[in-house]
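See below for the structure under consideration.
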Amino acid sequence: MTRIYSEREFEKIRKAARIVPQAFQEVAPNVQPGITTAELNRIADSFIRSKGAVPAFIGVPGGEGVEPFPACCCISVNDEVVHGIPGDRRLEEGDIVSIDMGALLDGYYGDSAHTFAVGEISAGRRRLMDATQESLQQGIQAAREGNRVSDIGHAVQAHIDACGGLGIVREMVGHGCGRSLHEGPEVPNYGEPGRGPRLKAGMCLCIEPMINSGGWRIRLLDDGWTIATADGSDSAHFEHQIRITKGDPEILTSVD
Ligand code: MG
Ligand code: MG
């Protein structure tokens with residue numbers, strides 16, 4: 001189901017959403033060689049709680065026979081795409097690390113993801129990160145009243161195709177977000193323009209391209225949660241939660 005939110009509701013969504021980029025600001029200086037992903041998770045978790053919010057990913061149900069998600073952040077390193085479980089893995093110089101987190105405040109959710117460089121990274125990894133972030137901006141620009149949902153994914157795809165040699169993850173999509181962490185509509189990161197539901201002012205969407213430096217296919221690791229690239233290539237992930245308006249979209253998960 002796709003909800004249309006009122007201005008009053010957006011006041012609450014905005015407060016929840018804003019906690020996430022603030023948490024990223026706390027985490028960012030700690031993304032250094034030698035730190036464990038569990039330590040990064042702990043920093044984000046305590047920051048979100050210090051704002052009176054609840055880390056939204058804890059307890060998200062897993063697949064059949066898989067434990068609910070146990071942590072505040074999904075932390076996915078190098079060839080891991082999304083849904084990595086924080087643990088004792090130590091980041092190394094040259095890694096790229098994607099961190100995805102959500103905050104629940106006063107009944108409304110914020111959700112955003114960012115890929116960080118660990119120290120100096122290769123030109124290929126930099127290019128992947130830049131292309132992914134740029135494709136998110138292209139998708140956001142297409143997210144306005146009167147367009148259709150697939151215009152967002154088409155804009156993401158047009159940018160990634162123009163970059164060349166990169167794969168767009170197809171099975172994982174963006175989503176509506178507000179009263180629930182995940183609600184309609186699904187927002188794919190590829191496709192023909194002019195398809196799907198029409199975008200209306202008051203929709204609240206998470207746009208989140210996941211881009212691989214190789215092929216688009218993914219695989220599920222043995223922990224039942226972590227998604228990795230099938231071919232072992234690197235992956236980057238950027239996500240913003242936005243409000244559809246009659247004009248330019250409002251980015252809710254930005255501190256600017
Ligand atoms: Mg997210
Ligand atoms: Mg999301």
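Quick caveat: nothing in here was measured; it's all calculated off a predicted structure. When a ligand or atom number is given, it counts from 1 through the structure's own listing order.
Separation of atoms CD (Gln141) and CG (Asp248) is listed at 6.0 Å; rounding is to 0.5 Å.
In this structure, Arg170 satisfies the cation-pi test against Tyr190, with its NZ or CZ atom closer than 6.0 Å to the six-membered ring centre and inside 45 degrees of the ring normal.
Between Cys74 and Val82, the closest side-chain pair of non-hydrogen atoms is not below 4.5 Å. In this structure, Ile48 and Cys72 have side chains that are in contact, with non-hydrogen atoms separated by less than 4.5 Å.
Take the Mg ion (ligand 1) and draw a sphere of radius 2.8 Å; the protein N/O/S atoms inside it number 4.
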Test salt bridge (charged side-chain N to carboxylate O under 4.0 Å, His left out) applied to Glu7 and Arg243, step by step = CA-CA 11 Å; Glu7 178 56 41; Arg243 173 188 190 175; 2.8 Å; yes

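Cluster partners of Ile85, using a side-chain heavy-atom cutoff of under 4.5 Å among ILVMFWY residues and allowing indirect links, are Val54, Phe57, Val60, Val66, Phe69, Leu104, Tyr109, Leu181, Trp225.
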